[in-house]
Amino acid sequence: MDKYEIDFNDVDGIVNYARDINGVELAILFKEKSDSEIKISFRSKSYIDVNRIASKFKGGGHKRASGCTMNMSLKDAKSKIISEVLKHI
């Protein structure tokens with residue numbers, strides 16, 4: 001991001017492109033703000049209520065677009081999020 005002078009917030013829309021891929025129901029974007037702060041965006045196409053997932057981590061939004069922030073390493077955040085997502089598939 002530094003190399004191409006891309007702002008942290010400029011990448012938010014990427015999660016929508018992932019969801020729009022044929023056969024993809026759920027897209028997740030992990031953004032590492034610091035070593036211990038991870039912002040996560042969720043998008044779903046038709047049946048997964050991503051607000052329910054985000055709310056498990058004190059986040060929110062609505063059924064098809066939600067997000068949360070986790071204060072832990074990227075590795076730990078990915079593990080916790082994926083574990084929760086698998087319960088909703």
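Here the structure is a predicted model, which means the values were calculated and not measured.
- Atom OH of Tyr17 has 12 or fewer heavy atoms from other residues, nucleotides or ligands within 6.0 Å.
- Panel note: side chain Ser66, backbone His62; a donor-acceptor pair is recorded below 3.5 Å.
- Sorted by first and then second residue, the side chain to side chain donor-acceptor pair (under 3.5 Å) pairs involving residues 45-59 (not counting sequence neighbours) are Glu25-Ser46.
- Every salt bridge (Lys or Arg N to Asp or Glu O under 4.0 Å) that Lys87 has, sequence neighbours left out, goes to Glu84.
- Note that NZ of Lys31 and CD of Glu37 are 10.5 Å apart. Values are rounded to the nearest 0.5 Å.
- In summary, of the residues considered (Val50, Val15, Ile28, Asn16), a side-chain contact (heavy atoms from CB on, under 4.5 Å) with Ser41 occurs for Val15 alone.
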| request: For side-chain contact (heavy atoms from CB on, under 4.5 Å), just list the numbers for Ile53 and Val85, CA-CA rounded to whole Å, side-chain angles, deciding distance to a tenth of an Å, and then say yes or no. | output: CA-CA 7 Å; Ile53 297 169; Val85 164; 4.0 Å; yes

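- Contact of the Ile38 side chain with the Lys33 side chain is not registered, since no non-hydrogen atoms from C-beta on lie closer than 4.5 Å.
- Cluster membership check: Ile48 shares its hydrophobic cluster with Phe57, using side-chain heavy-atom separations under 4.5 Å among Ile, Leu, Val, Met, Phe, Trp and Tyr.
- One hydrophobic cluster, built from ILVMFWY side chains closer than 4.5 Å, holds both Phe30 and Ile89.
- Nearest heavy-atom pair, Ala54 versus Gly67, reported as atom, atom and distance to 0.1 Å: CB-O, 3.5 Å.
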| query | Could you walk me through whether Met70 and Ile40 pass the side-chain contact (heavy atoms from CB on, under 4.5 Å) check? | reply | CA-CA 8 Å; Met70 300 179 80; Ile40 301 111; 3.5 Å; yes

| Would Leu29 and Phe42 count as a side-chain contact (heavy atoms from CB on, under 4.5 Å) if you check the C-alpha gap in whole Å, the side-chain angles of each, and the deciding distance to 0.1 Å? | CA-CA 7 Å; Leu29 175 66; Phe42 304 94; over 6 Å; no

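- Under a hydrophobic-cluster definition in which Ile, Leu, Val, Met, Phe, Trp and Tyr are linked whenever side-chain heavy atoms come within less than 4.5 Å, directly or via other members, Met72 and Leu74 are assigned to the same cluster.
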